[in-house]
K.L.:
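Quick one: the structure is below, questions incoming.
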Amino acid sequence: MTHQNRRRFLTGSAALALTACGGGSSDAGTGGNTGGNTGGTTTSNPNPVQAALSFGNASVHDPSIVKEGGTYYVFGSHLAAARTTDLMNWTKFADLVTDSNPLFNQVTTQLAAALSWAQTTTLWAPDVIKLSDGKYRMYYCACKGDSPLSALGVATATRIEGPYVHQQLLLKSGMVSPALSEDGSVYDATRHPNAVDPAVFRDAAGQLWMTYGSYAGGIYILRLDAATGLPVAGQGYGTHLLGGNHAEIEGAYVIYNPATKYYYLFTSWGGLAADGGYNVRVCRSAKPEGPYVDGFGKNMATVRASSAFNRPSIQDYGMKLMGGHQFANAAFETGTALGYVSPGHNSAYHDAATDRYFMVFHTRFPGKGEAHEVRVHEMHFNDDGWPVIAALRYAPLSLASPAQAATVTAADATGTYKLVNHGKDITATSKASILVTLGSGGVVAGSGGMTGTWTHDGSNKITIVSGGVTYKGVLSRQWNTNSSAFVVSFSALSSTASTAAATGVALWAVRVSA
């Protein structure tokens, strides 16, 4: 089965593909949270209103985050890069695969072998890491797009902003039969990986690993030499972790949580275009090389499309953390209703000093077509050891005026919320919010029709039971641009439901009245 139906292409000079990781021009615009979905019943703002916070947005597709000193960097497709010191205001400093890009000296010459093999003029999602020799490695990739004809290599720099110097190609894919693949057999796109989307991480013992892959034969992992950053010899393509038979799964990224002692494998499912239904899912393992499982206990290495690009055959698996959605505005809220379209291809960052986690991804927006920007959300872990993503974009609570406590008590949590149920499907239809009330007596009700019970579990933890499904979550205060206030919110995830379809469903809620 070829990949001829795998991607759709934008018109225009760049003709950039959109149904796999590299799509979306990195200068696609400065879209904001937009859309016309308004409504709600609350007429007065119960929140402590303050001066608006400012954000500086950047268009970097497939952002991979790395921190150097006090500065965070994201590197993305089409050789785009941006920096920030506060995770709110981004400055773009590189873009497009041309010889004027400061990340390389003469990139089209240095990476000519990869570009030639992949029959392309652009690059897809890279990853940057600093090794023990003090030098930075950029793992880059190029792909034809309508086939898995791809090349993945590594370049080295003494400064994080470059210039990077090509070191060597590491992997190729998409060989035409009877050509042999990296593992010595004839290349088979239903089981062999597409050599793109590299992401490098250290395990708890300091061993270096690289995940990669997109569609085709799924997600793979390779053991790297910790000193050189090169693959340990004799692995071929490495170990298969997830997907296959052209399942729409890509953008792998692994992060370790020393508190839970799990490795969390994030991936994006569906197509990345505005109508592609992109969504972020996670599974976990006690070992970096797997096996990875979801909350239902499904070994993710067995999750393959029943036929090429068959979404229903895979959509019940993995823990779906977020997808396309839109919150309705309450009567007192101003501006366009907040929401995301096809959010995905995330990276993640753990601040060891504060033990805080952040999710970094690109997203499109309601009514803004293919324009995309980087977004950062805080990420928490629930009582079942699964990550939940805060419902609104990150702004530190230290900016609250007057100051607000990070602790959200049971009394603080009561009230009416606009709540989004992200479901488990892979769909281009954005999930709309409903109104749900957490009553002081532990009852869940409201005009949105969701009923059940809730409990405050201490330490900002919350449990909601509805429709026979238990959701474990975390309460926090998040910045709501449309009410110009830090507001109580929660994110929860069904961890161990009775069916795969009901396991790994995320709830995002933003309080609109006490």
Side-chain angles (χ1 to χ4, degrees), residues 40 42 44-55 85-89 257 259-260 327 330 332-333 338 349-359 375-420 433 435-444 446 453-464 471-493 506-514:
T42 305
S44 60
N45 191 345
N47 303 297
V49 177
Q50 64 178 78
L53 302 183
S54 63
F55 295 87
T85 57
D86 60 6
L87 296 176
M88 295 170 60
N89 294 280
N257 183 331
T260 65
F327 288 105
F332 60 81
E333 291 180 313
L338 301 177
Y349 180 76
H350 177 219
D351 185 333
T354 62
D355 198 29
R356 299 174 73 182
Y357 290 82
F358 298 94
M359 167 74 66
R375 286 293 180 268
V376 179
H377 284 225
E378 195 162 2
M379 187 165 64
H380 307 281
F381 286 82
N382 68 13
D383 278 341
D384 289 332
W386 288 103
V388 292
I389 302 172
L392 298 174
R393 74 183 300 185
Y394 172 71
L397 192 58
S398 60
L399 296 179
S401 179
Q404 295 193 52
T407 298
V408 180
T409 66
D412 295 332
T414 59
T416 298
Y417 294 76
K418 45 186 177 183
L419 178 145
V420 167
S433 63
L435 289 176
V436 173
T437 298
L438 303 187
S440 57
V443 174
V444 175
T453 60
W454 74 280
T455 56
H456 189 285
D457 303 323
S459 302
N460 283 8
K461 301 296 178 61
I462 187 173
T463 298
I464 294 174
Y471 302 85
K472 294 283 188 176
V474 178
L475 291 148
S476 61
R477 287 184 168 87
Q478 302 294 322
W479 174 253
N480 185 348
T481 299
N482 289 5
S483 64
S484 198
F486 282 92
V487 303
V488 173
S489 73
F490 67 83
S491 298
L493 191 68
L507 306 179
W508 285 11
V510 177
R511 198 176 72 163
V512 294
S513 67

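As the structure is a prediction and not an experimental result, all values here were calculated from the model. By convention here, the first residue in the shown sequence is residue 1.
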K.L.:
Hey, are the side chains of Ile462 and Leu438 touching, using non-hydrogen atoms and a 4.5 Å cut-off?
P.N.:
yes
K.L.:
Of the non-hydrogen atoms in Trp454 and Gly439, which two are nearest, and what is the gap between them?
P.N.:
NE1-O, 2.8 Å
K.L.:
Indicate the atoms forming the closest heavy-atom contact of Asp412 with Thr407, along with that distance.
P.N.:
OD2-O, 3.8 Å
K.L.:
List the atom of Thr416, the atom of Thr437, and the distance in Å for their closest heavy-atom pair.
P.N.:
OG1-OG1, 2.9 Å
K.L.:
Looking only at atom types and distance, does a side-chain atom of His456 sit under 3.5 Å from a main-chain N or O of Val408, one as donor and one as acceptor?
P.N.:
yes
K.L.:
Could you report the tightest heavy-atom contact between Trp508 and Phe327, atom names first, then the distance?
P.N.:
O-CE2, 3.8 Å
K.L.:
For Ser483 and Asn45: C-alpha separation, side-chain torsions, deciding distance, then whether side-chain hydrogen bond (donor to acceptor under 3.5 Å, both in side chains) applies.
P.N.:
CA-CA 7 Å; Ser483 64; Asn45 191 345; 4.6 Å; no
K.L.:
Quick check: does any side chain N or O of Arg477 sit under 3.5 Å from a backbone N or O of Ala405, one acting as donor and the other as acceptor?
P.N.:
yes
K.L.:
Taking the inter-plane angle between the rings of Phe358 and Tyr394 on a 0 to 90° scale, is it parallel (under 30°), tilted (30 to 60°) or perpendicular (over 60°)?
P.N.:
perpendicular
K.L.:
Looking only at heavy atoms, which two atoms of Pro48 and Ala485 are closest? And how far apart?
P.N.:
O-CB, 3.6 Å
K.L.:
About how many Å separate NZ of Lys418 and CG of Leu338, when rounded to the nearest 0.5 Å?
P.N.:
6.0 Å
K.L.:
Return yes if some donor-acceptor pair links the side-chain N/O of Gln50 with the main-chain N/O of Leu399 below 3.5 Å, else return no.
P.N.:
yes
K.L.:
Provide the closest heavy-atom pair for Asn382 versus Lys461 in the form atom of the first, atom of the second, distance.
P.N.:
C-NZ, 4.4 Å
K.L.:
For the side chain of Glu333 and the backbone of Asn482, is there at least one donor-acceptor N/O pair under 3.5 Å apart?
P.N.:
no
K.L.:
Tell me whether His377 contacts the main-chain N or O of Ala390 through its side chain, where contact means a donor paired with an acceptor under 3.5 Å.
P.N.:
yes
